[in-house]
Amino acid sequence: MSKAILFLAGGASQRFDGDKRFVALPSGQNLFERAQGIAEDAGLKALFAVNASAMQRLASTSFAAACYEVKSADEGMGATISESVAHYADGFDSLLLCPLDLPLLQASTIQRVADLASQQAIVQPECKGRLGHPVAFGAVYFHQLLTLQGDQGAKAIIQRNADQLVKVMVEDPGIYEDLDTADDYLKLFGQPLPVT
């Protein structure tokens with residue numbers, strides 16, 4: 001079965017001082033570099049749905065070939081999902097959707113979700129009673145993802161197909177600990193946001 005993880009990175013980082021996608025993490029990597037690394041460690045191809053500003057910065061890098069520039073990114077997460085899934089859907093039996101801004105997400109979690117992914121299943125990790133990402137959508141759900149608009153995420157699709165949802169229990173709070181603000185950087189890494 002052909003699977004990939006699609007990192008959603010079409011947002012404008014409105015709550016962050018600067019573009020969080022390119023901020024140096026304590027490892028020295030930015031979020032794109034870390035995402036690609038953990039995807040490779042999990043044995044998956046990493047794809048990226050980005051907006052025009054990110055595409056400009058990535059155009060001359062090794063990431064360019066794995067990026068799709070979402071024309072409707074400024075409309076919200078739902079628009080980013082539907083347009084990028086439309087672009088990639090024909091090549092895969094299952095796509096794992098994941099926001100880019102989960103800097104503590106573990107490769108082992110991605111691998112466990114991918115191992116259970118199938119054309120008919122929706123697979124979502126759970127840690128300490130909280131659901132998170134990545135969420136694997138089998139090909140039979142792609143047409144529902146294509147209907148998303150604006151800021152409407154895929155949560156409604158998961159709820160609508162709850163009988164097909166496979167939950168994976170993990171010890172990985174990185175599935176929901178996102179990096180939205182400078183305060184989040186301090187909370188997640190125990191050090192202040194680096195000055196650029």
Side-chain angles (χ1 to χ4, degrees), residues 1-10 21 29 31-50 54 58 61-70 73 77-127 130-148 153-176 178:
M1 173 177 280
S2 181
K3 307 171 188 177
I5 182 165
L6 175 56
F7 289 100
L8 305 167
R21 298 169 295 187
Q29 298 174 307
L31 286 171
F32 285 103
E33 292 164 339
R34 186 179 191 283
Q36 186 178 59
I38 59 174
E40 289 176 353
D41 289 346
L44 285 185
K45 180 178 180 63
L47 304 169
F48 299 91
V50 302
L58 295 167
T61 72
S62 60
F63 288 93
C67 290
Y68 170 69
E69 183 182 335
V70 180
M77 178 64 78
T80 295
I81 292 172
S82 60
E83 187 178 329
S84 56
V85 169
H87 178 76
Y88 287 117
D90 288 345
F92 300 98
D93 298 313
S94 184
L95 283 171
L96 282 68
L97 303 187
C98 189
L100 184 69
D101 62 352
L102 294 174
L104 302 182
L105 179 65
Q106 298 173 16
S108 58
T109 295
I110 297 173
Q111 190 168 30
R112 290 190 63 192
V113 171
D115 285 346
L116 292 172
S118 71
Q119 286 187 323
Q120 290 77 33
I122 299 173
V123 185
Q124 187 170 25
E126 181 177 347
C127 177
R130 290 183 60 182
L131 294 168
H133 292 89
V135 182
F137 289 90
V140 298
Y141 303 100
F142 288 175
H143 70 284
Q144 295 184 47
L145 294 172
L146 299 182
T147 67
L148 297 177
K155 187 174 182 179
I157 295 172
I158 298 170
Q159 293 172 337
R160 191 183 313 140
N161 300 281
D163 57 332
Q164 299 300 318
L165 177 63
V166 177
K167 295 180 182 178
V168 183
M169 303 302 166
V170 297
E171 294 296 324
D172 180 8
I175 67 173
Y176 49 71
D178 56 356

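The first residue of the sequence shown is numbered 1, and numbering continues consecutively from there. What you see is a predicted model; the values in this text were computed from it and never measured. FYI, side chains are in, hydrogens and waters are out, and symmetry mates aren't considered; it's all heavy atoms of this structure.
Annotation: ring pair (Phe, Tyr, Trp, His ring centres under 6.0 Å) contacts of F48 (sequence neighbours excluded): F7, F32, F63. Scanning for side chain to side chain donor-acceptor pair (under 3.5 Å) contacts around S108 gives Q106, with sequence neighbours left out. The salt bridge (charged side-chain N to carboxylate O under 4.0 Å, His left out) test applied to D101 returns K20, not counting sequence neighbours. Considering only residues two or more places apart in sequence or on other chains, A49 meets the side-chain contact (heavy atoms from CB on, under 4.5 Å) condition with L6, L8, V70, T80, S84. For E83, the side chain to side chain donor-acceptor pair (under 3.5 Å) test picks out Y68, S72, with sequence neighbours left out.
Between L100 and V50 there is no side-chain heavy-atom pair separated by less than 4.5 Å.
Residue S94 holds its OG atom at 10.5 Å from CG of L116, rounded to the nearest 0.5 Å. Atoms CD and CD1, on E33 and I38 in that order, are 13.0 Å from each other to the nearest 0.5 Å. Interatomic distance, CG of L105 versus CG of L31, reported as 11.5 Å (0.5 Å rounding). Rounding to the nearest 0.5 angstrom, the gap separating the CD atom in Q124 from the CG atom in L165 is 6.0 Å. Within the model, atoms CD1 of I81 and CG of L145 stand 7.0 Å from one another, a figure rounded to the nearest 0.5 Å. In this structure, the separation between CD on E126 and CG on L131 is 5.0 Å, given to the nearest 0.5 Å.
Residue pairs meeting the salt bridge (charged side-chain N to carboxylate O under 4.0 Å, His left out) criterion with at least one member in residues 130-140: none, sequence neighbours excluded. For residues 162-176, the pairs satisfying side-chain hydrogen bond (donor to acceptor under 3.5 Å, both in side chains) are T109-D172, with sequence neighbours left out.
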Please output the side-chain donor-acceptor pairs of residues 136-144 that fall under 3.5 Å, not counting sequence neighbours, one pair per line with the distance.
unit_1	atom_1	unit_2	atom_2	d
Y141	OH	Q120	O	2.7
H143	ND1	V140	O	3.0
Q144	OE1	R160	NH1	2.8
Q144	OE1	N161	ND2	3.1

**Q.** Test log, rule side chain to side chain contact (heavy atoms under 4.5 Å, CB included), inputs L97 and H133
**A.** CA-CA 7 Å; L97 303 187; H133 292 89; 5.6 Å; no

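Contact between F92 and K45 at its shortest, heavy atoms only, is CZ-CD, 4.4 Å. The nearest pair of heavy atoms linking P125 to V113 is CD-CG2, 4.0 Å. Counting all heavy atoms, side chain and backbone alike, I110 lies closest to A42 at CG2-CB, 3.7 Å. Listed here is the closest heavy atom pair of K3 and A117: NZ-O, 3.4 Å. Residue P173 comes nearest to C127 through the heavy atom pair N-SG, 3.7 Å, listed as atom of the first residue, atom of the second, then distance.
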